[in-house]
Amino acid sequence: MDKWHMSRMLRDMLRARAFEEATAQGYAQGKIAGFLHLYPGEEAVAVGVLHAAEPGDYVVSTYREHVHALVRGIPAQEIMAELHGKKTGISKGMGGSMHLFDASRRFLGGYAIVGETYPIALGAAYAVAYRRLPEAVICFFGDGAVNQGTFHESLNMAALWKLPILFVCENNHYQIGTEIHRHSAITEVYKRACGYGIPAEKVDGMDVLSVHAAAQKALERVRSGDGPQFLELDAYRANDPIAAAIHEAESGYPNPAAMAAAGPDCISLFSAHCCREKHLDETDIERMRQEVQTEIDAAVRFAEESAEPDMETAWSILHANRRYETLMESPE
Amino acid sequence: MDKWHMSRMLRDMLRARAFEEATAQGYAQGKIAGFLHLYPGEEAVAVGVLHAAEPGDYVVSTYREHVHALVRGIPAQEIMAELHGKKTGISKGMGGSMHLFDASRRFLGGYAIVGETYPIALGAAYAVAYRRLPEAVICFFGDGAVNQGTFHESLNMAALWKLPILFVCENNHYQIGTEIHRHSAITEVYKRACGYGIPAEKVDGMDVLSVHAAAQKALERVRSGDGPQFLELDAYRANDPIAAAIHEAESGYPNPAAMAAAGPDCISLFSAHCCREKHLDETDIERMRQEVQTEIDAAVRFAEESAEPDMETAWSILHANRRYETLMESPE
Amino acid sequence: MSEEIYYWQALNRAMDTEMAADDSIITLGEDVGLYGGTYRVTEGLMAKYGEWRVRDTPISENSFTGLGVGAAMLGLRPVVEIMTINFALFAIDAIINMAAKIPFMSGGQFPMPLTIRMPGGVARQLGAQHSQRLEHTLMNVPGLRMVVPATPQDAYGQLRQAIHSDDPIIFLEHELLYFSKGVVDETAVAPPIHQAMLRRTGRDMTCIAYSQMVLLALEAAEQLASEGIEMTVIDLRSLSPIDWETCVQSVQQTHHCLIVEEDCRFAGAGAELAATLQERCFYFLDKPIQRVAGLDIPTPFNGKLEAASIPRTKDIIEAARRLVSSAGVQS
Amino acid sequence: MSEEIYYWQALNRAMDTEMAADDSIITLGEDVGLYGGTYRVTEGLMAKYGEWRVRDTPISENSFTGLGVGAAMLGLRPVVEIMTINFALFAIDAIINMAAKIPFMSGGQFPMPLTIRMPGGVARQLGAQHSQRLEHTLMNVPGLRMVVPATPQDAYGQLRQAIHSDDPIIFLEHELLYFSKGVVDETAVAPPIHQAMLRRTGRDMTCIAYSQMVLLALEAAEQLASEGIEMTVIDLRSLSPIDWETCVQSVQQTHHCLIVEEDCRFAGAGAELAATLQERCFYFLDKPIQRVAGLDIPTPFNGKLEAASIPRTKDIIEAARRLVSSAGVQS
Ligand SMILES: Cc1ncc(C[n+]2csc(CCOP(=O)(O)OP(=O)(O)O)c2C)c(N)n1
Ligand SMILES: Cc1ncc(C[n+]2csc(CCOP(=O)(O)OP(=O)(O)O)c2C)c(N)n1
Ligand SMILES: [Mg+2]
Ligand SMILES: [Mg+2]
């Protein structure tokens, strides 16, 4: 991978971290409400996978999707505005933190009900396969989500009809407060794919380069008609003081201090790698940090200054699809 | 296995066949209504497994459960009366063909919604494990039923908590009109258990002795605390003219003539074995046939002559559990 | 052009006509393909349109309904068949939390041209688990629409309209209607999809029904007419939205309203009808609005009890007589 | 004996008291054990009763609810916690087709001493998928009962009663109630589990509410009293069965009835209330029964729109004023 790609990836990891820090701050200040599921520590997963994706691919995500949306290309300000419930948000303030959607970037949504991402991905992939297009559907989910029945149903159908889906398990070892060995009979998640004959691999989710390489290989297979592929990405919540504080805010999760043993943070790891390989130096990285901070600060300002939607907008969105239909009165 | 056991097993297979023949007849005559799911051809499964069960074990079944109920020990007349919707039926005429229950024989019911047997078995086994009893729960289901999400959810929990369940898949290769390679990505059903670390085995479901041996071994493991076990029993609808006619009645299933290639009927197979081994001879078997026919004929008479339940009975059953409760009026 | 055909045939023709015209229409469900559908609705379609457009599924209701949702997001127009409404209990998350909410939650970015077809209601001795009625549940979901055709003509017209709609629509059939016959004119301009229809007009009272119950209401009306009671019968045709104007107008004229539903009475579909109509017609009503509905009991297997657990024609007749009799009026 | 505690604490004490007395009571659900429950209801129970009696589950709502059903068939008395009602959409088959029907389908052989606890309703900006209200769906299921405690005292008393019952009971909590406070007397004899309570009596009108909406109704009543409008507030406490006598008596006295529910208006719980009460109180009513209910729209994420999508105290006040004003009465 060349220098340019590496620095784009590092930049996205920094953007992601800065975005979530700003989000946590907004939440602490009461400007963002609702459930807030943050991503710090897992940036290597979103960045590694989504940098391997093509614009023609589709992405399906969960309630922990801010960073997937951001890396997929949705402008930070439109995500941030959505988190603030503003009219300028990507979902016009109707969806919120757990429901980011972007049709133009083929971002098929964040879903708040654990287990919904599979059937959505299945349907999208079905449409792609039916049209014989060389596109892939990327389906994200957590380690806790693999125990929902839809996982099983959807993987069976995906394999049966050889649908173009890359299943990506972000294994952070916890389902809220329940550790993986207490929620799954088999803790090596990729082995779950054996019941469907889906090729599966476990990859270090803290190493963005490994993630990227694995995703690229898997996506090529998917696009060339080999059927679904499965990646388990072993990841941890951030061993990083700011990220730690962020996760404290999210109730129920294990004390991030306890996670420290898991090893260094994915951003430090990749920064060190870039420096070691002489692709970048500390000054470059510091400049990047400042640039992304400027971008995120602007996004927050945009969000804060944007107007709120009104009820008329809400009704018109609900009825948007009825535009050309006569529901009751006969046309004269 | 001694002669006595063998002849008991053969007798139960003959009872089962005679029972279903009578059922099909009652249906053709319009005396039995509703959906009717018959068992001919698969008798070796029910008989092999349930003869390996102890009275303390629990049985959970599907809508295709007449024979499971019969072999488990529910009197033929009470099952037949239930199929006729009579008050003397095992469920007082409220359940019908697909919902036979018998608390005293630990028969936890027939379930008409595909995929419900797993959680019921899970709950029963949970209760057994919590009380540390040496009992097993036997959970029956078809090949089509393994694609329901509850299969996955329940197998995971069963394995996670080492619950005493014997999962028994009656693989007759069809989900109504859909053949197994068109509904399952993996057609060797027992391999589905690998995703949960549950020991699994595929056994010839047409050979009652193999079924019995496999079930006995698996049930011993289950009762001794080894956790759940999984058996796939490869079975076919009957290659038998009467059974064939019966299946014709059940819409959607493949033409039984096409099934002929599958090999000889399980009852002929076992009868031949018993004769070859000199446990029984043709006369013994013929006598048995007559005895069971007498029993089944009596059951049909009993059912036909029994009274129908009235609406008051229905209401009293619905409210049976409220006996000791004050719902609204304060006690004076 | 007009021809007497079965209800299932009308549905089959609607599917065929639409699929021939638009290759973004696909259908999927258990046994819809090779076997042609449990109630023959998809007969012949797989041979004609291939397995990618007519897809037999495993028994995985939640996920194959969700598949329809995902495919609709990419612009396909899936018609999901759930074999019977009883199995829709497994798919309820896909229906309520996905299909109905995605268009709204996405700020209008994703239309949902999804039709979910299924038969509901009590058939003949299928037992409690196979006798579900679920209309009240689906009515309460904003973002979802639901139609309930009672005749082959409506089955034909409303299915075509549902497939054309960009909103998710529940297309509720009835197991006992598939083999009912009626004239279908394929060239007729269909009335708007959610419009109610006066199937019969009478000055004395208004009977509001839907699906299979419309046939019973019409039978009752015949009988009542012979006794001198003239009953208007409104076929709702749609449970969500409800064509209130048609109902209100009629009740304001007849001053008596009887609602007939197969749903269990307690919190059934009829409750909404009664609640809204008492509000809108209060000063026109001579008597309280009455409901003839299913008993609040799981459906007994026994045939006689089963029949007694849902409205029969005679129950409608008796309720109608009581409603228009002068007895029982107070104050 | 009486003490002011939180609603969640009242539930926690009820669980503890019952579990100490009867080892056939177990509880299970996501994070009920080690973590003590999302809303702290099961706090401390795992340490006290061990993991077989307080079981953390995977995210498998359908099967762990079904587990409760199976365990109840063997005589345990499971209390299943579904983290929020939104996830109950996955468990709806286990609730409707298993728990509610097995006692009946088995001819009464299997009682179903199962309690399913879950919070429902709109909390604060959780988005459309996390703002489900499902009471109408569960009301329509014969064989199921449902209670909706609004106060810590009822939370305590009704949970204990539910655990004692041999029928399956939905125990519907509310996310906004967990941190409300009230006096709980653990020694008091609880009123019958499904009895409604007059929280306040007033001659001018009857307001019927349940769960969180009772608090708003009482607030509204205060304000209305200062304007000279005296409103009776009935806390239903139970949605299935409904204590009709208490409602009918009051409406017959006040001649005006207002129903307040958080459920979406169309086919919501209030529809059944209005439908039955218009039937039973028709000749006593001066005006049609009114409903103040949630808007028929998926819950918007934006805080202001969300608040406007469900009844606020001021909506109740305005509806009450309109109801008792002499304007608008026709004929
Ligand atoms: C069906 C359902 N059940 C429960 C929840 C509540 N819930 C939200 S996040 C979560 C944990 C999910 O764990 P995992 O899949 O590992 O993802 P992570 O949050 O760790 O990224 C749970 C149980 C839900 N949203 N949906
Ligand atoms: C949830 C659900 N979906 C669909 C059905 C309709 N149905 C009844 S039997 C059956 C086939 C089941 O096949 P399998 O599990 O192989 O059992 P078999 O009938 O072959 O014994 C189907 C689809 C059902 N009863 N429940
Ligand atoms: Mg996790
Ligand atoms: Mg089969």
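Everything quoted here is computed from the prediction, not taken from an experiment.
- Residue D:P103 touches chain B through both its backbone and its side chain, counting heavy-atom pairs closer than 4.5 Å.
- The shortest side-chain heavy-atom distance between D:I102 and B:F101 falls under the 4.5 Å cut-off.
- Side-chain contact between D:V69 and B:P119 is absent, with no heavy-atom pair separated by less than 4.5 Å.
- Closest approach of B:L160 and D:P58 over heavy atoms only: CD2-CG, 4.2 Å.
- Interface residue B:F107: only backbone heavy atoms are found under 4.5 Å from chain D.
- Residues B:I90 and D:Q109 share a closest heavy-atom pair of O-NE2, 3.0 Å.
- Interface summary for chain B: among D:D243, D:L28, D:T246, D:T65, the most heavy-atom pairs under 4.5 angstrom belong to D:D243.
- Among the candidates D:A196, D:G108, D:P191, D:P111, the residue making the largest number of heavy-atom pairs closer than 4.5 Å to chain B is D:P111.
- When all heavy atoms of D:F110 and B:A103 are compared, the pair lying nearest together is CZ-CA, 3.5 Å.
- The part of B:L163 that comes within reach of chain D is its side chain, from C-beta onward, which places non-hydrogen atoms under 4.5 angstrom from that chain.
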### Task
Would you check, one step at a time, whether the test salt bridge (charged side-chain N to carboxylate O under 4.0 Å, His left out) holds for B:R323 with D:D167?
CA-CA 10 Å; B:R323 246 181 311 241; D:D167 262 357; over 6 Å; no
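- Interface check for chain D: of the options B:A124, B:G109, B:A320, the most heavy-atom pairs under 4.5 Å are formed by B:A124.
- Only the side chain of D:L76 comes within contact range of chain B, with at least one heavy atom under 4.5 Å from a heavy atom of that chain.
- Listed for the B:Y324 side chain is no donor-acceptor partner under 3.5 Å among the backbone atoms of D:D166.
- Side-chain contact between B:E116 and D:S63 is absent, with no heavy atoms from C-beta onward closer than 4.5 Å.
- Both the backbone and the side chain of B:L327 come within contact range of chain D, judged by heavy atoms closer than 4.5 Å.
- The contact between D:I242 and chain B is made entirely by backbone atoms, counting heavy-atom distances below 4.5 Å.
- The distance from atom CG of B:L318 to atom NZ of D:K101, rounded to the nearest 0.5 Å, is 11.0 Å.
- Taken to the nearest 0.5 Å, the CE atom of B:M328 stands 7.0 Å off from the NE2 atom of D:H194.
- Between the CZ atom in B:R131 and the CG atom in D:L74 there is a gap of 10.0 Å [rounded to 0.5 Å].
- Heavy atoms closer than 4.5 Å to chain B are found nowhere in D:P113, neither backbone nor side chain.
- Neither the backbone nor the side chain of D:E245 comes within contact range of chain B; no heavy atom of the residue lies under 4.5 Å from a heavy atom of that chain.
- In this structure the side chain of D:P192 never reaches within 4.5 angstrom of the side chain of B:E329, judged on heavy atoms.
- Taking a cutoff of 4.0 Å between a charged side-chain nitrogen and a carboxylate oxygen, D:R145 and B:E325 qualify as a salt bridge.
- There is no contact between D:S238 and chain B, counting heavy-atom distances below 4.5 Å.
- D:S60 is listed as a side-chain neighbour of B:M157, based on a closest heavy-atom distance under 4.5 Å.
- Contact of the B:W161 side chain with the D:L67 side chain is registered, since non-hydrogen atoms from C-beta on lie closer than 4.5 Å.
- Contacts of B:A314 with chain D are made by both backbone and side-chain atoms, with heavy-atom separations under 4.5 Å.
- Contact check for D:S165 versus B:N321: no side-chain heavy atoms found under the 4.5 Å cut-off.
- Contact count versus chain D (heavy atoms, under 4.5 Å) is highest, among B:P309, B:G95, B:A112, B:A121, for B:G95.
- Note: B:E153 leads B:R106, B:H99, B:E153, B:K92 in heavy-atom pairs under 4.5 Å with chain D.
- To the nearest 0.5 Å, atom CG of residue D:N62 and atom OG1 of residue B:T150 are 6.5 Å apart.
- Between B:Y126 and D:I26 there is a side-chain heavy-atom pair separated by less than 4.5 Å.
- Heavy atoms closer than 4.5 Å to chain D are found in both the backbone and the side chain of B:D102.
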